[in-house]
Amino acid sequence: MNSSITQAVIDSFKTEFETALTQAQSLDELELVRINFIGRKGKLGSVMGQLKVADLETKKTFGPILNTLKQSMQQAFNDRKDNLAQLARDSQDNQERFFDVTAYKPSAHHRGGLHPYTHVTNQIQNIFLSMGYQILDGPEVEDESINFEGLNIPKDHPARDMHDTFWLNLPGKLLRTHTSNIQVHTLKNRKPPFAVVAPGRCYRHEATDASHDYVFMQTEGFVVDKNISMAHLLETARKFLNALFGRKDLTVRLRPGYFPFVEPGVEIDIRCPFCTKGCSVCKKTCWIETAGAGLIHPNVLRYAGIDPDEYSGFAFGFGLSRLAILKYHIDDIRLLHTGKMEFLSQFG
Ligand code: DAH
């Protein structure tokens with residue numbers, strides 16, 4: 001047997017390969033090991049080449065051994081490759097997951113500011129607080145009975161058509177379509193007299209345009225006591241609107257309007273504070289609608305357990321989004337609900 005292939009040569013070749021595999025620390029290094037050992041021109045190829053020219057005896061002895069070796073080298077290579085690929089993925093994951101919050105240094109120019117809604121809500125609250133009102137809140141996820149029945153809008157009442165409603169997947173639950181729900185909760189749970197103002201978000205399932213959005217804000221307000229009349233409502237509206245627009249002489253007018261929960265019902269308009277002859281804000285009419293209002297309907301008082309022969313009240317619902325738009329000359333309501341910094345940063 002005249003051959004350089006011996007078991008010792010094969011064993012040391014195998015050890016050399018295994019060492020190279022473990023020393024490869026990256027997929028690139030591993031690729032070099034593959035080329036060097038099991039690639040077409042690699043070391044295994046040259047051992048196989050020696051076998052080809054060896055005598056029959058050697059071929060018989062080492063042929064099967066080398067074939068098995070070839071397979072096990074391929075297998076060991078694949079295992080090491082999987083292993084290194086996994087390590088690479090893990091280390092990338094770790095890099096991505098690691099987020100050092102303390103490393104963030106805000107630029108001196110990024111100053112926070114209040115949203116126009118916050119400005120207007122604060123002003124409205126302060127004006128009504130100065131008139132002795134209390135501020136209340138109510139749920140945005142509401143019962144149908146409170147949002148409608150309690151406000152004298154029974155099922156099949158045509159006024160429901162005005163309230164395109166977001167119904168929830170829970171029976172009888174909806175996103176409130178107006179802040180008037182707070183009236184019902186308060187009337188049910190408190191004993192008059194009271195004067196309440198309640199700003200909040202409302203939802204209507206309707207197409208959006210520059211003056212409509214499916215989410216908007218209203219401010220509900222109501223006073224319940226003995227002998228409350230339209231005169232109280234008119235004077236309250238006058239005081240409030242003048243204070244909000246920083247004026248003393250705004251002309252406020254009441255126009256008949258229909259809302260099922262008030263009788264009589266009115267719309268509160270102001271003479272346009274921005275012009276004398278008509279402008280784009282008042283759409284050349286010189287008048288701007290600001291609210292619906294009226295004397296609380298006896299059915300609403302009765303539903304809440306208050307005797308309408310003993311108590312009366314007025315209620316109003318100002319469009320808070322509308323007031324914000326008017327005050328700040330915003331030409332698209334939808335801007336109020338985006339996070340656009342160019343828009344928001346104007347309000348400081
Ligand atoms: N809830 C009414 C709406 O969303 C607004 C409103 C009108 C509120 C008259 C009132 C009111 O309290 O008296 O259209």
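Whatever order the structure lists ligands and atoms in, that order sets their numbers, starting from 1. Throughout, numbering of the chain's residues begins at 1 and tracks the sequence. Please read all numbers here as calculations on a predicted model, not as lab measurements.
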- Message: Distance under 4.0 Å to a non-hydrogen atom of A293: what atoms of ligand 1 satisfy this?
- Response: 9 (C), 11 (C), 13 (O)
- Message: Taking the basic N atoms (NZ, or NE/NH1/NH2) and the acidic carboxylate oxygens, is any pair closer than 4.0 Å for E289 and R253?
- Response: no
- If you measure from the Lys or Arg side-chain nitrogens to the Asp or Glu carboxylate oxygens, is any gap between E31 and K81 under 4.0 Å? no
- Are any of the N/O atoms in A315 less than 3.5 Å from those in ligand 1? yes
- Item | Other residues, nucleotides, ligands: >12 heavy atoms within 6.0 Å of R201 CZ | no
- Could you tell me whether R204 approaches ligand 1 through its side chain, its backbone, both or neither, with non-hydrogen atoms closer than 4.0 Å? side chain
- Taking the six-membered ring of F148 as reference, does the NZ or CZ atom of K155 fall below 6.0 Å from its centre and within a 45° cone about the axis? no
- Would you mind running through ligand 1 and noting each atom that sits below 4.0 Å from a heavy atom of Q183? 12 (O)
- Can you list the ligand 1 atoms lying under 4.0 Å from a non-hydrogen atom of G294? 13 (O)
- Item | Residue S180 vicinity, atoms of ligand 1 by number, heavy atom under 4.0 Å | 1 (N), 8 (C)
- Answer yes when E310 and K226 have at least one side-chain N-carboxylate O distance shorter than 4.0 Å, and no when they do not. yes
- Task: Measure F261 to ligand 1 on non-hydrogen atoms and call it side chain, backbone, both or neither using the 4.0 Å cut-off.
- Result: side chain
- Query: Are D164 and R204 close enough, and set up right, to give a salt bridge (charged side-chain N to carboxylate O under 4.0 Å, His left out), and what steps lead you there?
  - Reply: CA-CA 5 Å; D164 298 306; R204 299 240 178 133; over 6 Å; no
- Query: Does the N or O separation between T177 and ligand 1 drop below 3.5 Å for any pair?
  - Reply: no
- Are side-chain heavy atoms of H115 and T118 found at a separation under 4.5 Å? yes
- Note on the structure: Nearest non-hydrogen protein atom to atom 12 (O) of ligand 1, with distance, is E220 OE2, 2.7 Å
- Judged by heavy atoms only, the candidate from G292, G221, A159, G313 nearest atom 9 (C) of ligand 1 is G292
- Note: M162, heavy atoms under 4.0 Å from ligand 1, region reported as neither
- Message: Taking the ring of F318 and the ring of F216, is the distance between their centroids below 6.0 Å?
- Response: no
- Hey, which atoms in ligand 1 end up nearer than 4.0 Å to a heavy atom of Q218? 3 (C), 4 (O)
